[in-house]
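To keep things clear, I will list the structure first and then write my remarks on it.
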Amino acid sequence: MNIIITFPDGSKKEFASGVTPLAIAESISSKLAEAVVAARVDGQVVDLTRPLSGDVAIELIKPDNPAGFDVLRHSAEHVLATAVIRLFKGAQVTMGPRHHDEEFYYDFDIGRPFTPEDVEKIEAEMRAIVAEDQPFTREELPKEKARELFKQLGQRYKDEILDWIPEPTVTVYRNGDFTDLCRGPHLPSTGRIKAFKLIGSAGAYWRADASREMLQRISGIAFGSEKELKDHLTKLEEAKRRDHRKLGRELELFLVSERFDAHEPEPEEAIEALVTGRVHFASTPAFEWIEPTLAAIRAALPRRTVNFTGVNVSSHRDDSDRIPVLRLECFGPRLDADEQKALRALGDKLLADSRERHGTPVDLRYQHRAFEDIGPGLVLWQPKGGLVRTLMEDFWRREHLKVGYDIVYSPHIAKSDLWKVSGHLGFYRESMYSPMNIDGAEYIAKPMNCPFHVMMFKSRKRSYRDFPMRWAELGTVYRYEMAGVLHGLMRVRGFTQDDAHIFARPDQLDSEVDRLLGFVLHILRSFGFTEFNAYLSTRPAKFVGEIPDWDRAEKALAESAHRLGLKYRLDQGAGTFYGPKIDLKILDAIGREWQCSTVQLDFQLPQRFGLTFVNREGKEERPFMLHRALMGSLERFFGIMIEHYAGAFPPWLSPVQAIALPVTDRHRAHARAIVEQLRAVGLRAQVDPRNEKLGYKIREAQLQKIPFMLVIGDKEVAADGAALRLRSGEDRGLLARAALCDLLVEQCRIPGASADQVKALGIEDYALE
RNA sequence: GCCGGCUUAGCUCAUCAGGUAGAGCAGCUGAUUCGUAAUCAGCAGGUGGCCGGUUCGAUUCCGGCAGCCGGCUCCA
């Protein structure tokens, strides 16, 4: 019996029933059969070896297609697992990712971490398995049969995976000595994995749950050809070259988490004693410890002043598992051997005491203070970075004022009570810095700016005529982020949000969202980003407010994105607890995605703070509130720009725009004259006055990524001009002084919203009714 | 916070197996007056992240802590 196969281009061909997609590919060309990794049959991706029956539509999938990529990488995972069970007796296999971005990985439990040597061995074993060209075979069997099978194989984790599969029948794939529970599909055989490389190993929690077993993840990359693999590695190299941490140091833009040696040993050296212990936070307030501990330490160190300086709560998992760290400072000469011994003995004693009292360990140690330390995740903006930031901020302020925002400021700390009312202490406590005690009241560093803006709203009775109110602030916030996630400027603990809160009447929702999205695009484009991905995040499982309000708000965001021609992806259930949001991610020069902008609707705060306005009928009504950030955080956005431009900022953002390079010192005076004139028209220009060869100065200017180099020698002095060299290497030749000036002014112009844009962004409701 | 790795001069990196550290660049001094990505010479620079342990002796071996890097998780 024959069946009719329909191809994507609509053409049809007849085959014998039971034909496999692989055979079909071979009938077209052997090259295609070689390249193809899976087939889409009536919309479903299946193995190339799956026999077909009945008339179907078929599409042969190659690795250049996302589905094909997935199959390739998925098979690579199985090869990885095969290598691991061969090399490690009793290794437990768990699972790989559902979808693959760049990398593939598979998590194992071998009772210990993998070493870098293990990974090398595993990769070698994988190559052997590929060379063996083991066929992948698929088998369907009832769930209970599968349970028995994996029990026999000694694979514990598979049992748990089977628990969360609802279907009565499951599929199992085999290759060589490896059998895995797997939906598939897979390549016909391991020999088809030509280009792959293991990237490394790291710990990962079973089911991403920190309370479960720590597994060992091995990750790698796989491609359809060696060339693609090579290209990918080149891209990684390129990313490394652009790393903002490296460029930040080289260009002297910022410092983060820097530790400096202490300057001079001081006559009165300070040491710091830390007392840590695990106690039940709710039933045993850490403060009970302070007095007895202090007294004991004072007795052990009679020659020193010992002060209590605070309590840090260092674990943030949940209330019952917090670790209060008592921070004590001891001033005085460095401890001698006897004193250190005494302190250690005291530590042992405290340990024993606390075990008795709380059933938990306590640990006392001291540390000589040998460093001048800022603290992890805190940023210093050096002069050149500070200048770029100033330019970013100035631009930001000017554009905001143009389109009807007001600029506000708020303090860095506020009483705990405010954070209680706002709900942060309930929902956000784990990310907040510990309170400080001032005159008997508790204050906390702000993790967000919104409560302050809300308080300003409440300062007087509001009328429907006041709306919309758009209050923007470059507000520096502090968030306690887990130590392991900090990363250069991209993830820090103190950062400045380009925040704003828009308070408006319900009838203004659509127009405000429209204007906002338009404004976001304008700002991001001005900084040189032209490609975006938008994500609409809808109601999560845990939410506040009424469902009709949510639906309406989600619709408003979606429609607005639509009106602006912004294509968005739906992120179901990923909204914040207080409202839906739309996030914009920008694509940088090498195609990486970065989240910056977020626009969030909030039903929660106006309600918690009881915000109202008086409407046209004289009745109290609740306004809505929009939170938004465009750049997100100045620190992070700066980091992204550094990587996007590889440190070569556009001229308007370059710390130094032009540098004059006199060929010898007799050309210095003329160089100074040119620079003076450039400065007079507002350009940031400098002279390199050093007695060095021209090549040397050019090299330095080039490394500093200065956009315009002005070479000045005899010819240029005679012609009263300069020879312009661009950082691209292009030599523009001699330019007369005036022409040079005009050109540079033009090239360094600061972007800004045009009159049309301002109009589009809606200045009209500035007019009072 | 968890898992692994790393931490040597301002930066980039050496020091084969435990015997108290070297180079290039940067810095300082001097010479050189030079045309599109590095002129030469000299000088100075380090209680090898911090605190302990083992050892006759630790940068090297072991433990604790801190920081960084790659992941988990989370997010601007």
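Hydrogens, waters and symmetry mates are skipped; everything else that's a heavy atom, side chains included, is used. All chains are named by letter (A, B, ...) in the order of the sequence lines, taking the proteins before the strands, and each is independently numbered beginning at 1.
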Practice item. Would you kindly compare M631(A) and F114(A) by the position of their nearest RNA chain B nucleotide and give the one closer to the 5′ end? Key: F114(A)
Revision key, fill the gap. Rounded to whole Å, CZ of F108(A) lies from P of C3(B) at a distance of 20 Å
Point to revise | Spacing of the P atoms in C6(B) and G64(B) (rounded, Å) | key: 15 Å
Exercise for review: Report yes if a side-chain nitrogen or oxygen of R249(A) is closer than 4.0 Å to either non-bridging phosphate oxygen (OP1 or OP2) of U12(B); otherwise report no.
Suggested key: yes
Exercise for review: Assess whether one donor atom and one acceptor atom, taken from the side chain of E700(A) and the base of A26(B), lie less than 3.5 Å apart.
Suggested key: no
Exercise for review: Report, as yes or no, whether the 6.0 Å neighbourhood of atom NZ on K585(A) holds more than 12 heavy atoms from other residues, nucleotides or ligands.
Suggested key: yes
Practice item. Answer yes or no: side-chain N or O of R217(A) and base N or O of C72(B) forming a donor-acceptor pair under 3.5 Å. Key: no
Review point. With both distances kept under 3.5 Å, what pairs with C43(B), Watson-Crick or G-U wobble?
Key: G27(B)
**Study point:** Separation between the P atoms of C50(B) and U60(B), rounded to whole Å
**Key:** 11 Å
Check your understanding: Can you tell which of A37(B), G71(B), G1(B) lies closest to the side chain of A202(A)?
Key -> G71(B)
Study note, to complete from the structure: Among A76(B), C34(B), A37(B), the one nearest any side-chain atom of R479(A) is A76(B)
Check your understanding: Which listed nucleotide (A76(B), C34(B), G4(B)) is nearest to the side chain of T664(A)?
Key -> C34(B)
Review point. If you check the H487(A) side chain, which of G70(B), U36(B), G35(B) turns out closest?
Key: G70(B)
Practice item. Could you please name the partner base of G18(B), counting Watson-Crick and G-U wobble pairs only when both distances are under 3.5 Å? Key: none
Review point. Quick one: does F104(A)'s side chain get under 4.5 Å of L198(A)'s, heavy atoms only?
Key: yes
**Study point:** Closest to the Q216(A) side chain, choosing from A38(B), C3(B), U39(B)
**Key:** C3(B)
Check your understanding: Mind checking whether E393(A) and D498(A) have side chains closer than 4.5 Å, heavy atoms only?
Key -> no
Study note, to complete from the structure: Against the side chain of V492(A), the closest entry in C2(B), A76(B), A37(B) is A76(B)
Practice item. Please confirm whether any donor atom in the side chain of Y205(A) sits under 3.5 Å from an acceptor in the base of G1(B), or the reverse. Key: yes
Review point. Would you say the side-chain atoms of E716(A) and H667(A) include a donor-acceptor pair closer than 3.5 Å?
Key: no
Check your understanding: Is any NZ, NE, NH1 or NH2 atom of the basic residue among R725(A) and D731(A) found under 4.0 Å from an Asp or Glu carboxylate oxygen of the other?
Key -> no
**Study point:** G24(B) to C61(B) separation - C1' atoms, rounded to the nearest Å
**Key:** 31 Å
Check your understanding: What is the distance, rounded to the nearest whole Å, between atom CD of E430(A) and atom P of U73(B)?
Key -> 16 Å
Review point. Would you say Y696(A) reaches A26(B)'s phosphate, i.e. side-chain N/O to OP1/OP2 under 4.0 Å?
Key: yes
Point to revise | Given C34(B), G1(B), U36(B), the nucleotide with the shortest approach to the side chain of A723(A) | key: U36(B)
**Study point:** Pairing partner of G57(B) (Watson-Crick or G-U wobble, both distances under 3.5 Å)
**Key:** none
Check your understanding: What is the distance, rounded to the nearest whole Å, between atom CG of L198(A) and atom C1' of G4(B)?
Key -> 16 Å
Check your understanding: Regarding E643(A) and W594(A), is there a side-chain donor-to-acceptor distance under 3.5 Å anywhere?
Key -> no
Exercise for review: Please work out if L486(A) contacts a base, only the sugar-phosphate, or nothing of the nucleic acid, heavy-atom cut-off 4.0 Å.
Suggested key: sugar-phosphate
Review point. Which nucleotide sits closest to the side chain of P113(A): U36(B), C34(B), C3(B)?
Key: C3(B)
Review point. CG of D688(A) versus C1' of C34(B): gap in Å, rounded?
Key: 14 Å
Review point. Quantified in whole Å, what is the C1' atom distance between nucleotide G30(B) and nucleotide A14(B)?
Key: 30 Å
Practice item. Can you tell me, in whole Å, how much space there is between the P of C68(B) and that of G53(B)? Key: 28 Å
Check your understanding: If you measure from the C1' atom in U7(B) to the same atom in C11(B), how many Å do you get, rounded?
Key -> 15 Å
Review point. Mind checking who C50(B) pairs with, Watson-Crick or G-U wobble, both distances under 3.5 Å?
Key: G64(B)
Check your understanding: Does G4(B) have a Watson-Crick or wobble mate here (both distances under 3.5 Å), and if so which one?
Key -> C69(B)
Exercise for review: Could you check which of G70(B), A76(B), G1(B) has an atom nearest any side-chain atom of R245(A)?
Suggested key: G70(B)
Review point. Which part of the nucleic acid does A629(A) contact within heavy-atom distance under 4.0 Å: base, sugar-phosphate only, or nothing?
Key: nothing
Review point. E252(A) near the nucleic acid: base, sugar-phosphate alone, or nothing, with a heavy-atom cut-off under 4.0 Å?
Key: nothing
Exercise for review: Decide whether a cation-pi geometry holds between R493(A) and Y478(A); the criteria are a distance under 6.0 Å from NZ or CZ to the six-membered ring centre and an angle within 45° of the ring axis.
Suggested key: no
Check your understanding: Between A37(B), C75(B), C34(B), which one does the side chain of R491(A) approach most closely?
Key -> C75(B)
Point to revise | Aromatic ring proximity F495(A)/F638(A), centre distance under 6.0 Å | key: no
Practice item. Could you check how far CD of E250(A) sits from P of A37(B), rounded to whole Å? Key: 19 Å
Practice item. Quote, to the nearest angstrom, the C1' distance that separates A58(B) from U47(B). Key: 13 Å
Check your understanding: Do R212(A) and E160(A) meet the salt-bridge criterion of a basic N to acidic O distance under 4.0 Å?
Key -> yes
Exercise for review: Take R727(A) and R690(A), find for each the nucleotide of RNA chain B with the closest heavy atom, and name the residue whose nucleotide sits nearer the 5' end.
Suggested key: R690(A)
Check your understanding: For D714(A) and C34(B), what is the distance between atoms CG and C1' respectively, to the nearest whole Å?
Key -> 11 Å
Point to revise | Spacing of L703(A) atom CG relative to A26(B) atom P, expressed in whole Å | key: 11 Å
Point to revise | Whole angstrom value for the distance that separates C1' of G4(B) from CD1 of I218(A) | key: 12 Å
Exercise for review: Examine the base of A76(B) for any acceptor or donor lying under 3.5 Å from a partner atom in the side chain of R636(A), and report the outcome as yes or no.
Suggested key: no
Review point. Would you say the side chain of N691(A) and the base of U32(B) hold a donor-acceptor pair, judged only by whether the two atoms sit under 3.5 Å apart?
Key: yes
**Study point:** Pair partner, U33(B) [Watson-Crick or wobble, under 3.5 Å]
**Key:** none
Review point. With stacking defined as ring centroids separated by under 5.5 Å and planes differing by under 30°, is F495(A) stacked against A76(B)?
Key: yes
